[in-house]
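Atoms within a ligand are numbered from 1 in the order they appear, just like the ligands themselves. Please read these numbers as outputs of a predicted model, since none were measured by experiment. Side chains are part of it too, since the values below use all heavy atoms of this structure and drop only hydrogens, waters and symmetry mates.
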Amino acid sequence: NRSLVTIAEHSKEKILYMIEMAKQFEMNPNRRLLHDKVVATLFFEPSTRTRLSFETAANRLGARVIGFTDPKVTSSSKGETLKDTIMMVSSYADIIVMRHYLEGAARYAGEVAPVPVVNAGDGANQHPSQTMLDLYSIYKTQGTLENLNIYLVGDLKYGRTVHSLLMAMRHFNPTFHFIAPEELKMPEEYKLYCREYGIRYTEHTDFTEEVIADADILYMTRVQRERFTDLMEYERVKNVYILRNKMLENTRDNLRILHPLPRVNEIAYDVDNNPKAYYFQQAQNGLYAREAILCDVLGITLEDIKNETI
Ligand code: CP
């Protein structure tokens, strides 16, 4: 089926096609293309943006939404397996959007479900719908995805959004700069991926004005408290980098600051009014990117959307 499990499966052409779809939805988000569909949102982990923007996307497309936000109120708390849950929900809904704490859960669900599954985040692994909205945000603010200097800052070990973004950008000749403390460095498997695909990268532990002087995109991330087994270690690294307005004074005019959100304290509040801050618009772009994803996994094409032929 047409599940979206990892963005790595998308070609360059497919990514650019999805951006064209998102543009259509930004021009007009209200199109009843899914008027006869039911979308299930199964969230085994907390979420604000991903769930609400998928549900808004479904509503604006005329679909109805079922789902849960707390697995404790479902039969998984009585011991029902993920497979049985997915099989049951597949018999009620046309698409399953699922966030799960286990890496690989979305791939497994996609394999057993007869309906498309959209990975809304699986542990520290991947977050492909976030990547689609990140790519759309980068494209809108830079006018291109090609040849950009992208700084990934913070928790690069557990941050699934940076893992997905790195994989998607392989088509666009980026230079990545990884800024993380030793404990939260980009995992070796993603550095290997960079080498395999010829993606340039540098690594830093210092987060200074000098280091980010040539940045086009500064992608801040939260330290992922929920992934730490040792909370003392979290306490040691939680405030390691804080972006303040002063650090942005000599940065490029085209620089835009992204963050998947939620933020804890890695971006000072005074940055919010800086014209280079783009994280709230980025989250809004999630609506358009997710309308595109819901349509695409059901086989609705860009032409269908332009012509509203459904
Ligand atoms: N960016 C993101 O995944 O946010 P939520 O956890 O609020 O869905």
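Between His259 and Tyr279, the ring planes are perpendicular. Angles over 60° get that label, and only those under 30° would be called parallel.
Salt bridge Lys23/Glu26: absent, no basic N to carboxylate O contact under 4.0 Å.
With Arg160 as the partner, the salt bridge (Lys or Arg N to Asp or Glu O under 4.0 Å) test is satisfied by one option alone out of Glu226, Glu45, Glu103: Glu45. Exactly one residue among His163, His177, Met186, Met220 makes a side-chain contact (heavy atoms from CB on, under 4.5 Å) with Leu152. That residue is Met186.
Between Phe207 and Tyr151, the ring center distance fails the sub-6.0 Å criterion.
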Considering only N or O atoms, set out every pair between ligand 1 and the protein closer than 3.5 Å, with distances to one decimal place.
{"residue": "ligand 1", "atom": "1 (N)", "partner": "Gln130", "partner atom": "OE1", "Å": "2.9"}
{"residue": "ligand 1", "atom": "1 (N)", "partner": "Pro260", "partner atom": "O", "Å": "2.8"}
{"residue": "ligand 1", "atom": "1 (N)", "partner": "Leu261", "partner atom": "O", "Å": "3.0"}
{"residue": "ligand 1", "atom": "3 (O)", "partner": "Thr50", "partner atom": "OG1", "Å": "3.0"}
{"residue": "ligand 1", "atom": "3 (O)", "partner": "Arg99", "partner atom": "NH2", "Å": "3.0"}
{"residue": "ligand 1", "atom": "3 (O)", "partner": "His127", "partner atom": "NE2", "Å": "2.9"}
{"residue": "ligand 1", "atom": "4 (O)", "partner": "Arg49", "partner atom": "NE", "Å": "3.2"}
{"residue": "ligand 1", "atom": "4 (O)", "partner": "Leu261", "partner atom": "O", "Å": "3.3"}
{"residue": "ligand 1", "atom": "6 (O)", "partner": "Arg99", "partner atom": "NH1", "Å": "2.9"}
{"residue": "ligand 1", "atom": "7 (O)", "partner": "Thr48", "partner atom": "N", "Å": "2.8"}
{"residue": "ligand 1", "atom": "7 (O)", "partner": "Arg49", "partner atom": "N", "Å": "3.0"}
{"residue": "ligand 1", "atom": "7 (O)", "partner": "Arg49", "partner atom": "NE", "Å": "3.3"}
{"residue": "ligand 1", "atom": "7 (O)", "partner": "Arg49", "partner atom": "NH2", "Å": "2.9"}
{"residue": "ligand 1", "atom": "8 (O)", "partner": "Ser47", "partner atom": "OG", "Å": "2.6"}
{"residue": "ligand 1", "atom": "8 (O)", "partner": "Thr50", "partner atom": "N", "Å": "2.9"}
{"residue": "ligand 1", "atom": "8 (O)", "partner": "Thr50", "partner atom": "OG1", "Å": "2.6"}
{"residue": "ligand 1", "atom": "8 (O)", "partner": "Arg99", "partner atom": "NH2", "Å": "3.4"}

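With hydrogens and angles disregarded, no donor-acceptor distance shorter than 3.5 Å links the side chain of Glu203 to the backbone of Tyr201.
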